[in-house]
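Taking it in order: structure first as structure tokens, then the write-up.
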Amino acid sequence: MNKQQKIKVEKKMLQGIAASPGIAIGRVFIWDSEEYSITKHLIPTNKISEEILRFEDALIKTRSEILDIQRKISREMGFEHAEIFNAHLLVLEDRMLIEEVINKIKKEKVNVEYAFLRILKKYSDIFSKMDDEYLRERLMDIQDVGKRIIRNLLGKQKQSLKDLKENVIVVATNLSPSDTALMHKDKVIGFTTDMGGRTSHTAILARSSEIPAVVGLKTLTPNVNNGDIIIVDGNNGNVIINPTKLIIKKYQNEQKKFIEFEKELSRFKSLPAITIDGRSIVIGANIEFPEEVDSVLAHGAQGIGLYRTEYMYMNRTDLPSEQEHFLAYKKVAQCMKKNTVVIRTMDIGGDKFVSHLEVPNEMNPLMGSRAIRFCLARPDIFKTQLRGILRASVYGNLKIMYPMISGLTELRQANEILKEVKQELLKKQVPFDKNIEVGIMIEVPSAALIADILAKEVAFFSIGTNDLIQYALAVDRINEKIAYLYEPAHPAVMRLIKSIIDVGHNAGIWVGMCGEMAAEPVFAIVLLGLGLDEFSASPVSVPEIKKIIRSMSYEKAQEIAAKILTFDTAAKIQEYANTKLKELVIKSTE
Ligand code: PEP
Ligand code: MG
């Protein structure tokens with residue numbers, strides 16, 4: 001829907017999914033880099049040939065952009081990845097499409113942007129109705145190239161959230177993690193998306209940056225205009241459009257209460273996470289960028305349970321060098337001193353696209369060539385990162401963690417590459433921690449089922465519930481339409497977690513959790529009771545998890561966990577866990 005068609009909505013509330021706590025009240029900035037409002041206007045007859053020339057120039061420019069990308073991909077990722085762009089070039093060379101646009105300009109004497117958009121729409125409609133899966137997929141190519149041509153016709157640069165000049169609430173249909181990573185943190189006071197779920201990386205980034213956010217709103221974007229006032233309630237997951245003064249006042253009070261609540265929690269920051277009967281738990285935090293170390297320390301985390309290094313590959317036009325890897329990891333290692341820093345090797349793919357490589361979507365990206373699969377296919381890229389980690393390992397307490405391991409062969413292949421890198425460094429007499437520990441994420445159900453086999457060859461497990469839940473329950477973690485089925489409290493998830501922890505302990509290794517479930521107060525007692533050794537999630541979650549652990553006995557938590565394992569639905573588990581949290585933790589500190 002374009003801006004002209006939008007109806008001004010008065011005082012309306014939309015319910016979405018709470019993605020990041022806090023309340024923001026401010027002006028809307030609609031962010032949709034590729035949605036330009038194109039209007040039709042008539043062209044005088046003597047200017048028609050100029051208009052056609054503009055079209056041809058835009059086609060030439062687009063072609064040269066695509067060829068540039070193709071060359072870059074071919075160099076950095078291999079020829080087969082670059083070949084995908086042949087489909088884009090074919091769209092550009094489609095004589096029928098080009099002739100149709102030119103004829104429309106000539107016949108109707110309309111501007112080229114309008115003529116092109118109409119023809120593009122006609123093609124998109126035809127392709128979207130095709131029965132053939134392959135042809136339907138071509139729709140994406142047509143739309144991608146179409147956006148590029150329109151951008152060139154309008155002489156626009158790709159918009160960036162880095163360039164914001166004033167405080168705004170960003171409202172978007174969808175935001176990729178790479179867009180979100182670029183957000184000007186001081187200017188974006190809140191954001192909303194129509195798509196997405198609570199464990200999408202966009203939501204996770206919002207929590208890391210402590211920006212109130214609501215996702216999965218479905219229809220907010222078509223209902224607001226730039227400059228409208230909205231309230232983003234990241235605690236309850238709703239958005240209020242054009243609120244009255246009275247409602248604004250109410251939410252300003254809520255804002256104050258939230259700040260007080262956080263202040264109250266902050267006294268737990270510097271205290272150890274130890275139960276009243278003496279069980280010590282490690283509370284770590286997750287980061288995406290080295291700069292977040294300050295926030296990790298400020299929130300009282302005892303280490304970094306997950307460093308999502310893939311963000312180093314985003315929003316740039318080349319691959320990170322070994323030296324860049326080294327410097328980033330060295331900085332984190334030094335800041336964290338003796339505390340553990342788990343560096344996860346890059347997990348590109350899924351919803352984390354690497355913008356400069358612009359590899360088009362796979363049919364099923366969350367189950368595609370991502371994470372360790374990509375690294376094993378490109379050992380050159382993998383080795384560069386491993387060298388960086390190993391070189392930085394002398395500056396602190398680093399551990400290596402592989403993502404998305406689904407079987408023993410993958411683990412061994414990754415370790416083989418690591419061994420080669422170590423030998424190369426030894427030969428060159430480059431110092432590194434010879435005893436650096438290697439662990440894996442347990443986030444694929446197959447890995448959970450063979451955890452006993454994998455445990456023999458790793459130093460630790462970290463349960464990646466964000467992915468584990470989506471694969472175990474077959475529920476896409478970023479799809480708002482089925483978000484109601486994404487249930488951490490599902491009995492199947494509880495059984496998986498219990499089994500991973502038990503198997504890890506039987507093998508004598510520690511088991512942590514770095515999925516967002518580790519940050520949910522409602523599950524803290526259960527996870528403690530199941531025997532989890534380490535919790536790690538967004539830094540903001542640290543004080544509250546510490547508070548819960550400190551107000552419980554391990555014995556009681558075990559009793560609660562055992563009871564929960566007898567329930568047959570997620571609803572019963574959730575309700576019981578909630579009741580126990582209120583009874584044992586909230587009441588005890590009131
Ligand atoms: C997970 O899957 O739980 C996890 C921590 O990794 P990511 O969210 O980066 O996929
Ligand atoms: Mg994961």
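Values in this document were obtained by computation on a predicted structure and should not be read as measured data. Every number for a ligand or one of its atoms is a count from 1 in the order of the listing.
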Which pairs would a plain distance check flag for residues 450-459, meaning a side-chain donor or acceptor within less than 3.5 Å of a matching protein atom at least two apart in sequence or in another chain?
from   : atom 1 : to     : atom 2 : distance (Å)
Glu457 : OE1    : Arg412 : NE     : 3.1
Glu457 : OE2    : Arg412 : NE     : 3.3
Glu457 : OE2    : Arg412 : NH2    : 2.6

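- The shortest distance between side-chain heavy atoms of Tyr313 and Met346 falls below 4.5 Å.
- Side-chain polar atoms of Glu575 and Asn578 form no donor-acceptor pair below 3.5 angstrom.
- Remark: Arg279 engages Asp533 in a salt bridge, criterion side-chain N to carboxylate O under 4.0 Å.
- Put simply, the side chain of Thr465 never gets that close to the backbone of Leu468: no donor and acceptor are under 3.5 Å apart.
- Taking both residues in full, the closest heavy atoms of Gly237 and Val214 are given as O-CG1, 3.5 Å, listed atom of the first, atom of the second, then distance.
- No hydrogens or angles considered: nothing links the side chains of His201 and Asn466 as a donor-acceptor pair under 3.5 Å.
- In this structure, Asn286 contributes its side chain and Cys514 its backbone to a donor-acceptor pair below 3.5 Å.
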Ligand 1: protein N/O within less than 3.5 Å of ligand N/O:
from     : atom 1 : to     : atom 2 : distance (Å)
ligand 1 : 2 (O)  : Glu443 : OE1    : 2.9
ligand 1 : 2 (O)  : Asp467 : N      : 3.0
ligand 1 : 2 (O)  : Asp467 : OD2    : 3.0
ligand 1 : 3 (O)  : Gly464 : O      : 3.3
ligand 1 : 3 (O)  : Thr465 : N      : 3.1
ligand 1 : 3 (O)  : Asn466 : N      : 2.8
ligand 1 : 3 (O)  : Asn466 : ND2    : 3.4
ligand 1 : 6 (O)  : Arg344 : NH1    : 2.9
ligand 1 : 8 (O)  : His201 : NE2    : 3.0
ligand 1 : 8 (O)  : Arg308 : NH2    : 2.9
ligand 1 : 8 (O)  : Asn466 : ND2    : 2.9
ligand 1 : 8 (O)  : Arg477 : NH2    : 2.7
ligand 1 : 9 (O)  : His201 : NE2    : 2.8
ligand 1 : 9 (O)  : Arg308 : NE     : 2.7
ligand 1 : 9 (O)  : Arg344 : NH1    : 3.2
ligand 1 : 9 (O)  : Arg344 : NH2    : 2.8
ligand 1 : 9 (O)  : Lys352 : NZ     : 3.1
ligand 1 : 10 (O) : His201 : NE2    : 3.4
ligand 1 : 10 (O) : Asp467 : OD2    : 2.9
ligand 1 : 10 (O) : Arg477 : NH1    : 2.9

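- Excluding waters, the set of protein N, O or S atoms lying under 2.8 Å from the Mg ion (ligand 2) comprises Glu443 OE1, Asp467 OD2.
- Partners of Ala392 according to the side-chain contact (heavy atoms from CB on, under 4.5 Å) rule, which considers only residues two or more places apart in sequence or in another chain, are Phe326, Tyr329, Lys330, Leu398.
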